[in-house]
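In what follows, chains are A, B, ... by sequence order, proteins preceding strands, each numbered from 1.
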There are 2 protein chains.
Amino acid sequence: MAASEEHLRRALAEKQASVDAQAETVRDLKSRPDARQAEIDAAVEALKALKVEAGAAARRLQAAISSNTDGASASREAFRQAVVNTLERRLFYIPSFKIYRGVAGLYDYGPPGCAVKSNVLAFWRQHFVLEENMLEVDCPCVTPEIVLKASGHVEKFTDLMVKDEKTGMCYRADHLLKDFCKEKLEKDLTLSSEKAAELRHVLAVLDDLSAEELGAKLKEYGITAPDTKNLLSDPYPFNLMFQTSIGPSGLSPGYMRPETAQGIFVNFKDLYYYNGNKLPFAAAQIGQAFRNEISPRQGLLRVREFTLAEIEHFVDPNDKSHPKFGDVAELEFFMFPREEQLAGKSAQPMVLGEAVSKGIVNNETLGYFIGRVYLFLTLLGIDKERLRFRQHLPNEMAHYAADCWDAEIECSYGWIECVGIADRSAYDLRAHSEKSGVPLVAHEKFPEPREVEKLVIVPSKKELGLAFKGNQKMVVEALEAMSEKEALEMKATLESKGEMDFHICTIGKTVSITKKMVSISMEKKKEHQRVFTPSVIEPSFGIGRIIYCLFEHSFYTRPSKAEDEQLNVFSFPPLVAPIKCTVFPLIKSQKFDDVAKIIAKSLTAAGISHIIDITGTSIGKRYARTDEIGVPLAITVDSTTSVTIRERDSKQQIRISIDEVASVVKEVTDGESTWGDVMWRYPTHSALHTEEDE
Amino acid sequence: MAASEEHLRRALAEKQASVDAQAETVRDLKSRPDARQAEIDAAVEALKALKVEAGAAARRLQAAISSNTDGASASREAFRQAVVNTLERRLFYIPSFKIYRGVAGLYDYGPPGCAVKSNVLAFWRQHFVLEENMLEVDCPCVTPEIVLKASGHVEKFTDLMVKDEKTGMCYRADHLLKDFCKEKLEKDLTLSSEKAAELRHVLAVLDDLSAEELGAKLKEYGITAPDTKNLLSDPYPFNLMFQTSIGPSGLSPGYMRPETAQGIFVNFKDLYYYNGNKLPFAAAQIGQAFRNEISPRQGLLRVREFTLAEIEHFVDPNDKSHPKFGDVAELEFFMFPREEQLAGKSAQPMVLGEAVSKGIVNNETLGYFIGRVYLFLTLLGIDKERLRFRQHLPNEMAHYAADCWDAEIECSYGWIECVGIADRSAYDLRAHSEKSGVPLVAHEKFPEPREVEKLVIVPSKKELGLAFKGNQKMVVEALEAMSEKEALEMKATLESKGEMDFHICTIGKTVSITKKMVSISMEKKKEHQRVFTPSVIEPSFGIGRIIYCLFEHSFYTRPSKAEDEQLNVFSFPPLVAPIKCTVFPLIKSQKFDDVAKIIAKSLTAAGISHIIDITGTSIGKRYARTDEIGVPLAITVDSTTSVTIRERDSKQQIRISIDEVASVVKEVTDGESTWGDVMWRYPTHSALHTEEDE
């Protein structure tokens with residue numbers, strides 16, 4: 001396998017070199033004032049094609065590396081089952097519309113899940129919106145078609161689908177091929193080594209196959225509908241947006257938004273004005289997004305409706321520095337740059353400041369957000385060791401993107417993309433400017449007006465109309481689209497010879513242009529400002545995915561006191577714990593119940609969510625019950641003057657007077673003090689009741 | 001006019017008396033163990049019809065009363081324009097997708113609006129969910145058809161629509177008729193008094209007209225399409241839900257939910273279990289809801305997508321007392337019971353405890369929520385004088401509802417329903433039990449098992465099959481559906497005569513039943529528990545409407561210092577203010593800017609949202625700018641050791657040292673102290689700069 005890896009690695013390095021060379025060509029062309037648009041477009045197309053090839057090569061290598069390391073999957077599966085069982089039993093989430101047998105890919109958050117979610121969102125607002133003075137907006141989910149045509153979603157937000165030719169049942173084409181290959185590789189012992197290599201290759205390039213290629217593979221392997229074994233249709237693109245109709249006429253198609261970002265882009269002009277016409281600034285939005293998956297899998301990770309939290313940070317493309325970058329530059333965490341992936345290495349700890357200064361991360365602003373995302377996730381309780389920032393490979397990234405990093409969290413499903421942090425350059429604002437006709441631009445006022453020479457091309461529509469009739473418009477456009485160099489050449493030729501041959505791409509003809517058909521001149525103009533389309537840096541958070549990974553990272557089991565069963569614990573930090581504190585009267589007694597009520601009232605007044613458990617169950621069982629939903633502190637009422645507070649993970653207890661209890665709980669759950677801080681201030685407690693019962 | 005009012009009032013009283021009598025009949029029937037279902041159904045139908053008549057009578061009276069009082073409408077309009085202009089200019093809200101010329105009925109919250117909204121929702125969670133230990137859930141917007149069939153939305157969530165027969169343009173039929181009548185009454189000076197009376201009558205009964213009646217009126221008055229004058233189609237019901245399709249097959253219709261409540265009802269079983277199988281408990285949900293209005297009007301009050309916050313409080317129908325009712329019983333506010341409305345009176349202050357004890361409000365739990373809603377709205381800043389709780393009239397209330405009150409807030413559009421508080425009895429849970437086949441019930445365990453006699457009817461399917469062939473099933477059902485009285489009569493007859501004639505409604509025939517076809521007996525059984533469907537009390541909050549009314553109630557203007565213009569102010573309480581505090585360096589100076597940054601940092605650390613305004617504009621202009629978005633406190637940096645804090649409404653200022661400033665701002669904006677409380681602790685300030693500039 002090592003030899004094969006080596007071979008794949010070399011192939012990849014070659015591809016990568018061609019990508020780099022072509023990228024250089026594109027940059028060159030773009031910087032040349034005389035480059036023609038058609039030339040640039042062709043070069044960009046070539047670059048895209050090379051990127052696809054390089055990506056495929058990278059995947060082939062990844063597949064070769066990972067095919068040897070499937071060992072731990074059974075224990076992962078068992079761990080996930082334990083987590084998911086606990087989550088479902090304790091109503092962290094519930095399959096939606098369960099009494100009607102549910103709908104795939106739709107889940108409700110039950111009470112503890114909903115509380116975790118609202119804590120995560122409140123912290124997100126605090127950590128990003130408030131801390132950075134972002135402009136938060138709240139736009140509708142229902143979106144008219146024109147907006148999503150401009151953004152490209154109507155055309156491109158698709159997956160390839162096949163249909164059971166008899167029942168009409170639908171499947172994702174790539175899933176069927178993937179399942180077939182995996183099963184063959186795992187279970188068919190008669191498989192020749194050539195065939196095995198072929199199937200591995202298919203798995204490696206799966207994401208890059210066209211509809212035709214996928215269809216051909218399905219036919220070649222005789223893959224049929226999994227449920228019925230019927231024949232399948234050819235693969236065709238299925239748009240993943242939920243479609244609807246706005247208003248009663250049926251004539252205004254609309255969609256449920258697939259992301260919240262577009263609501264921000266279309267408001268750029270107003271938000272820029274609101275910010276005093278100054279850059280940089282960031283807008284943010286939290287809201288529902290929708291994705292009509294063909295066949296949802298992976299439980300809570302791939303759902304049809306989910307909460308996104310998105311930031312669009314608008315910045316001058318000429319200056320992507322960030323004044324607060326210094327605050328995060330010293331952070332060190334796992335980063336997985338493109339080169340390391342292509343070299344088959346794994347993610348390594350890296351100091352963020354160095355990653356930016358070495359040019360691994362494209363710019364300071366992108367780096368600043370990577371650092372802030374790292375802080376956000378780890379403060380929530382995501383394990384640092386199972387968090388990495390992975391740079392997009394060439395084929396993953398849109399051609400307009402300057403750089404893109406995903407915060408990936410490792411869980412039982414593997415490494416999951418939870419936050420995407422992309423420098424999308426000016427793409428989105430330009431797309432909406434073009435479609436709407438409203439310029440979405442920023443202005444930089446010059447301290448002094450600057451004198452510039454500007455090319456002015458004025459085609460004579462009348463003359464061109466007489467000469468070219470129906471083609472007049474195309475000729476006018478071609479003349480206006482000339483680069484400075486071309487125009488000045490034409491000017492010279494027309495002045496010397498009176499006419500000139502001119503090729504019009506759009507009609508595929510060469511025509512003769514005469515002097516009276518066009519006037520070309522260089523004029524001096526005073527410019528008072530620079531007008532430009534801002535770049536946008538977009539951190540986009542899949543809140544449900546983050547929460548699911550948090551569940552897995554927080555879950556552990558420990559034996560009960562009697563060692564006869566395993567007890568489940570969610571070790572949520574107080575910040576995200578669904579309930580901060582429980583109150584237990586030790587035994588059924590009016591006296592203790594009254595004290596519990598007094599304490600509950602003081603907790604409510606302090607804004608601390610809590611529950612009272614007055615069931616007569618043993619205190620050990622009651623502790624186990626709240627440990628299982630991750631309540632950090634439990635107050636046991638065993639006297640009318642003082643009570644004990646027990647910490648969930650250490651099981652340590654302190655004794656504390658009744659009037660102090662709410663303020664101490666608040667101190668710990670607000671994060672002002674740690675449990676360690678308060679421990680030493682109060683007598684520890686080790687009463688018999690807890691020893692006996694737990 | 002007084003005479004006509006008197007006449008209408010008497011007519012209404014008569015109708016109301018028949019409603020009451022019929023309601024009594026229904027109650028009677030339901031309580032009789034021997035009443036047949038068909039008999040009950042017929043009585044309920046009759047009750048419904050009477051309610052519709054009574055409602056129409058009530059509207060006629062209302063219209064007669066209000067037709068004399070249109071005076072203030074012009075100044076209302078001007079006030080609204082001033083508020084709306086300020087809201088739009090300062091981006092409290094933005095018509096959605098504005099650069100694409102927008103979509104009627106869709107609005108974005110811009111930065112200050114979004115902040116107000118998130119403050120309102122945070123307070124809602126604190127005031128209801130946390131304070132009452134409610135079970136909050138979070139369900140998807142995409143909802144499969146079966147759920148909304150069970151709830152009745154697929155069949156009944158409609159408005160009557162007409163189409164322009166040529167262009168296909170759609171209108172709400174009642175709006176066209178209303179506009180026509182209003183315009184005639186206002187502008188046609190030649191109108192005879194009979195005709196005027198007729199038009200007023202139409203306006204009064206508008207909401208009760210059937211499709212046929214509406215269509216006939218449109219034809220009679222020759223009403224055509226307003227934009228084209230083309231002929232109109234007959235009115236037909238248009239379902240107001242946004243329809244979509246779940247999954248790729250196109251075979252699973254779904255809708256965007258029209259309310260959040262259904263997500264709670266379908267989870268009743270799990271939530272009841274989560275609550276330890278105990279009643280009462282409340283579940284709550286905040287989320288988006290959708291309503292595809294035919295032609296949205298009234299700006300922010302009637303939109304196609306909006307945020308609802310709903311509570312479903314499940315309670316034993318035999319015990320609707322509330323342990324915390326005492327906390328709200330003393331509250332006194334405007335209530336508008338049914339009787340007062342029917343008597344043409346206006347809302348009067350009433351003590352809540354009395355309203356419940358006198359039976360005006362149906363039960364304590366309903367009363368408790370009315371009180372809590374009152375506190376919620378007034379703490380947000382809704383004016384007590386423009387808030388009333390109006391009881392539903394007979395025709396407004398569903399036949400299953402026990403009682404229903406709306407919190408109505410007066411704004412420039414009139415009295416607007418912002419919160420509905422309804423006792424919906426067992427309707428919703430029963431509907432989902434029936435449709436899903438999953439019992440949504442609660443259990444009351446008896447301390448001792450109770451011995452009861454139970455009727456047992458066992459039809460012999462074999463004998464009935466031989467005798468009635470294809471009709472066997474209907475006969476079995478009819479036998480099983482017999483009341484106790486009927487069954488015992490049959491038992492006696494069969495024992496004495498051996499056979500008996502029996503009418504089967506479902507096949508419209510009388511058949512002869514013999515002794516061997518059915519066994520009827522009374523058996524003694526031990527019952528350990530009572531099984532019942534809980535009643536649900538539902539407070540439902542239209543968050544957007546509350547916020548809009550809050551905007552109007554908080555808005556005022558005052559002259560600038562120079563008295564040359566009117567300045568706008570939103571007097572939001574700190575609780576809802578979008579930004580709590582602004583920081584202004586008095587003059588452009590590095591020294592002051594540095595102090596401002598230090599203060600900003602301490603505000604961020606204290607979790608206080610704020611903005612720094614370092615534009616060189618005059619301090620008076622900067623004050624005006626933040627008053628206009630309702631910022632309660634402004635800090636002016638005019639030295640490096642101390643600063644001034646100015647309160648928005650009083651314009652009073654105090655001087656305070658830099659290290660204390662964040663804690664004082666926090667004290668006031670968290671509501672721990674009022675401005676009055678802190679005023680006397682610090683020296684007041686009346687420096688020249690503010691006097692000069694404001």
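- No hydrogens or angles considered: a donor-acceptor pair under 3.5 Å links the side chains of T307(A) and Q288(A).
- Put simply, SG on C581(B) and CD1 on I611(B) are 9.5 Å apart, with the number rounded to the nearest 0.5 Å.
- Remark: aromatic rings of Y93(B) and Y107(B) are close, center separation under 6.0 Å.
- Among G168(A), P144(A), S609(A), the residue with the largest count of heavy-atom pairs under 4.5 Å with chain B is P144(A).
- Neither the backbone nor the side chain of P296(B) comes within less than 4.5 Å of any heavy atom of chain A.
- Contacts of T143(B) with chain A are made by both backbone and side-chain atoms, with heavy-atom separations under 4.5 Å.
- Looking only at heavy-atom pairs under 4.5 Å with chain B, the residue among I612(A), I246(A), T604(A) that has the most is I246(A).
- Only the side chain of N267(B) has a heavy atom closer than 4.5 Å to any heavy atom of chain A.
- L271(B) touches chain A through backbone and side chain together, each having a heavy atom under 4.5 Å away.
- For chain A, the nearby part of K117(B) is the side chain; its heavy atoms alone come within less than 4.5 Å.
- Heavy-atom distances place the side chain of N133(B), and not its backbone, under 4.5 Å from chain A.
- Residue E136(B) touches chain A through both its backbone and its side chain, counting heavy-atom pairs closer than 4.5 Å.
- Residues V441(B) and F268(B) are not in side-chain contact: their nearest non-hydrogen atoms beyond the backbone lie 4.5 Å or more apart.
- Residues V137(B) and C114(A) fail the side-chain proximity criterion, which asks for heavy atoms closer than 4.5 Å.
- When each of L91(A), L440(A), N239(A), V438(A) is scored by its heavy-atom pairs under 4.5 Å with chain B, the top score falls to L91(A).
- With a threshold of 4.5 angstrom between heavy atoms, F242(B) approaches chain A through its backbone and through its side chain.
- Contacts of M169(B) with chain A are absent, with no heavy-atom separation under 4.5 Å from either backbone or side chain.
- Annotation: side chain to side chain contact (heavy atoms under 4.5 Å, CB included) contacts of K324(A) (sequence neighbours excluded): E131(A), E132(A), H322(A), D327(A), Y368(A).
- Of residues 122-129 of chain A, those residues lying under 4.5 Å from chain B by any heavy-atom pair are R125(A), Q126(A).
- Between chain A and the residues S118(B), C139(B), S249(B), G247(B), the most heavy-atom pairs under 4.5 angstrom are made by G247(B).
- Applying the side chain to side chain donor-acceptor pair (under 3.5 Å) criterion to Y171(B), with sequence neighbours excluded, gives D227(B).
- Contact count versus chain B (heavy atoms, under 4.5 Å) is highest, among L240(A), V147(A), I579(A), for V147(A).
- Enclosure of atom CD1 in I543(B) by more than 12 non-hydrogen atoms of other residues, nucleotides or ligands within 6.0 angstrom is indicated.
- Note: N292(A) leads N292(A), V303(A), D159(A) in heavy-atom pairs under 4.5 Å with chain B.
- Residues of residues 94-104 of chain A lying within less than 4.5 angstrom of chain B, judged on heavy atoms, are I94(A), S96(A), F97(A), K98(A), I99(A), Y100(A), V103(A) in numerical order.
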